[in-house]
2 protein chains.
Amino acid sequence: MEKLLSLIRESGAKITNPRRLVLEKLTETDKPLTLNEIYEECEIIDFASVYRSVKLFNELGFVEEINFADKKVRYELASKLHHHHVICSECGEIKELPICLLSEIEKITNYKITKHSFEFMGLCPKCKN
Amino acid sequence: MEKLLSLIRESGAKITNPRRLVLEKLTETDKPLTLNEIYEECEIIDFASVYRSVKLFNELGFVEEINFADKKVRYELASKLHHHHVICSECGEIKELPICLLSEIEKITNYKITKHSFEFMGLCPKCKN
DNA sequence: TTTCTAATTGCAAACTATTTGCATTTAGAA
DNA sequence: TTCTAAATGCAAATAGTTTGCAATTAGAAA
């Protein structure tokens, strides 16, 4: 958290209350959040501020934008190792995946990959019965 | 095309001009199209009709909805073998991928996967220089 | 072939999610 | 403490998707 605040400061941007709050929410949880989830948890601040804070954090490189298989966009701290998710369509539980295949895809296609989604949705072990 | 028209008829739905046109566009091309691309190619028909036709085809199971890494949703005939795509962010060229890993993900997670996106965006060999 | 009706269409409007302009407020440098 | 560029809150614009409804039409039945 402190390290991330420094990153913001170093970029020339100001440490403001909205930014601190949004960052807090992202730091407190280990699961990716939608803008709306962050907004609802913050209560005080405006949605546009959540939007702009997250956008800034993403540009600064420490928050990642993920396109989930349920078509929702969620955000999480980029500090973890690169990974992907499965989300349960019933209870919303999110599990991380240990694989990715990015470099294999680059080899196969000879593209320079800049963005990818490798996201799954289904029924978790509990909900599938 | 004829086979697909039969599928529509058998489902109890009518063969109409909009449906025929939308199906035509999807049949004519080998690359996934956005609703808007279909709409613009059809000219005569309304966007809502494109929307509802594609939705019907998807429910009947012969058109697939794909969430691309550029956040756009595209549709293509499901007749081909299951596959995924890389799209060039520069020129829009789309290449198909020969891998997927669906069953591996099910094994790893013990989820019953119902939907997934395995889509990439980057620079194609031509555009990357 | 004509008639008839439920299904489908076109249009316009409603949603939902995302993004932006601008007057007011504020972080933090001087 | 003062001052100003940056950031916020609000409200409205934009874009993508979805829906209600009156008018039209496919195709079953006469």
Counting only pairs under 3.5 Å, give me each side-chain donor-acceptor contact of residues 83-92 of chain B, with atom names and distances, residues two or more places apart or in other chains.
from    : atom 1 : to       : atom 2 : distance (Å)
B:His83 : ND1    : B:Leu81  : O      : 2.7
B:His83 : NE2    : B:Glu76  : OE2    : 2.9
B:His83 : NE2    : B:His85  : NE2    : 3.2
B:His84 : ND1    : B:Glu119 : OE2    : 3.1
B:His84 : NE2    : B:His82  : NE2    : 3.2
B:His84 : NE2    : B:His116 : NE2    : 3.1
B:His85 : ND1    : B:Glu119 : OE1    : 3.3
B:Ser89 : OG     : B:Gly122 : O      : 3.3

Exercise. Contacts to DNA chain C from residues 38-45 of chain B, heavy-atom cutoff under 4.0 Å, which residues?
Worked result: B:Ile45

For the pair made of [atom1] in [X] and [atom2] in [N], what is the distance, rounded to whole Å?
| X | N | atom1 | atom2 | result |
| --- | --- | --- | --- | --- |
| A:Lys72 | C:dT18 | NZ | P | 10 Å |
| B:Asn36 | D:dT14 | CG | C1' | 14 Å |
| A:Leu21 | C:dA27 | CG | P | 12 Å |
| A:Arg19 | C:dA27 | CZ | C1' | 10 Å |
| B:Asp70 | C:dT18 | CG | P | 15 Å |
| B:Leu56 | C:dA7 | CG | C1' | 12 Å |

Exercise. Is the distance from OP1 or OP2 of D:dG9 to the nearest side-chain N or O of A:Ser49 less than 4.0 Å?
Worked result: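 Looking at the OP1 and OP2 atoms of D:dG9, one of them is under 4.0 Å from a side-chain N or O of A:Ser49.
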
For this session: List for me each residue that meets side chain to side chain contact (heavy atoms under 4.5 Å, CB included) alongside B:Ile99, sequence neighbours excluded, and say none if there are none.
Result: A:Leu101, A:Ile105, A:Ile108, B:Phe118

Problem set entry | By side chain to side chain contact (heavy atoms under 4.5 Å, CB included) - contacts of B:Glu2 (at least two apart) |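 If we apply the side chain to side chain contact (heavy atoms under 4.5 Å, CB included) test to B:Glu2, skipping adjacent residues, the hits are B:Leu5.
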
For this session: Verify whether one side chain among B:Asn110 and A:Lys128 offers a donor that lies under 3.5 Å from an acceptor in the other.
Result: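 B:Asn110 vs A:Lys128: donor-acceptor pair found between side chains.
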
Exercise. Can you tell me if A:Ser79 uses its side chain to pair, donor with acceptor, with the backbone of A:Phe62 under 3.5 Å?
Worked result: no

Exercise. Between B:Ser117 (side chain) and A:Ala69 (backbone), is there a donor-acceptor pair under 3.5 Å?
Worked result: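 It does not hold such a pair.
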
Problem set entry | Non-hydrogen side-chain atoms of A:Phe120 and B:Thr109 separated by less than 4.5 Å | no

For this session: Note the angle between the end axes of the helix from C:dT1-D:dA30 to C:dA30-D:dT1, five pairs defining each, rounded to 10 degrees.
Result: 20°

Could you run down the sub-3.5 Å N/O contacts of the protein with nucleotides 26-30 of chain D?
from   : atom 1 : to      : atom 2 : distance (Å)
D:dA26 : O3'    : B:Ile15 : O      : 3.4
D:dA26 : N3     : B:Lys14 : NZ     : 3.0
D:dG27 : OP1    : B:Ile15 : N      : 2.7

For this session: Please list all pairs passing the ring pair (Phe, Tyr, Trp, His ring centres under 6.0 Å) test where one or both residues lie in residues 5-47 of chain A, with sequence neighbours left out.
Result: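 Those involving residues 5-47 of chain A are A:Tyr39-A:Phe47.
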
For this session: Sort and list the pairs that fulfil ring pair (Phe, Tyr, Trp, His ring centres under 6.0 Å) and have at least one residue in residues 14-38 of chain A, not counting sequence neighbours.
Result: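 Every candidate ring pair (Phe, Tyr, Trp, His ring centres under 6.0 Å) pair involving residues 14-38 of chain A fails, so no pair, neighbours aside, qualifies.
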
Exercise. Of all heavy-atom pairs between B:Phe57 and B:Ile8, which one has the smallest distance, and what is that distance?
Worked result: CE2-CD1, 3.6 Å

With a cut-off of 3.5 Å and sequence neighbours excluded, list every side-chain donor-acceptor pair involving residues 12-22 of chain A.
from    : atom 1 : to      : atom 2 : distance (Å)
A:Thr16 : OG1    : A:Arg19 : N      : 3.4
A:Arg19 : NH1    : A:Lys14 : O      : 2.8

For this session: With sequence neighbours left out, write down each residue that passes salt bridge (charged side-chain N to carboxylate O under 4.0 Å, His left out) with A:Arg52, or none if nothing qualifies.
Result: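 A:Arg52 satisfies salt bridge (charged side-chain N to carboxylate O under 4.0 Å, His left out) with no other residue.
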
Expected rows: protein N/O vs nucleotides 18-20 of chain D N/O, under 3.5 Å:
from   : atom 1 : to      : atom 2 : distance (Å)
D:dT18 : OP2    : B:Tyr51 : OH     : 2.8
D:dT18 : O5'    : B:Tyr51 : OH     : 2.7

Problem set entry | Any pair counted as side-chain hydrogen bond (donor to acceptor under 3.5 Å, both in side chains), so long as it reaches residues 64-74 of chain B, sequence neighbours left out |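 Pairs touching residues 64-74 of chain B that pass the test: A:Glu65-B:Lys71, A:Lys71-B:Glu65, B:Glu65-B:Tyr75, B:Asp70-B:Arg74.
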
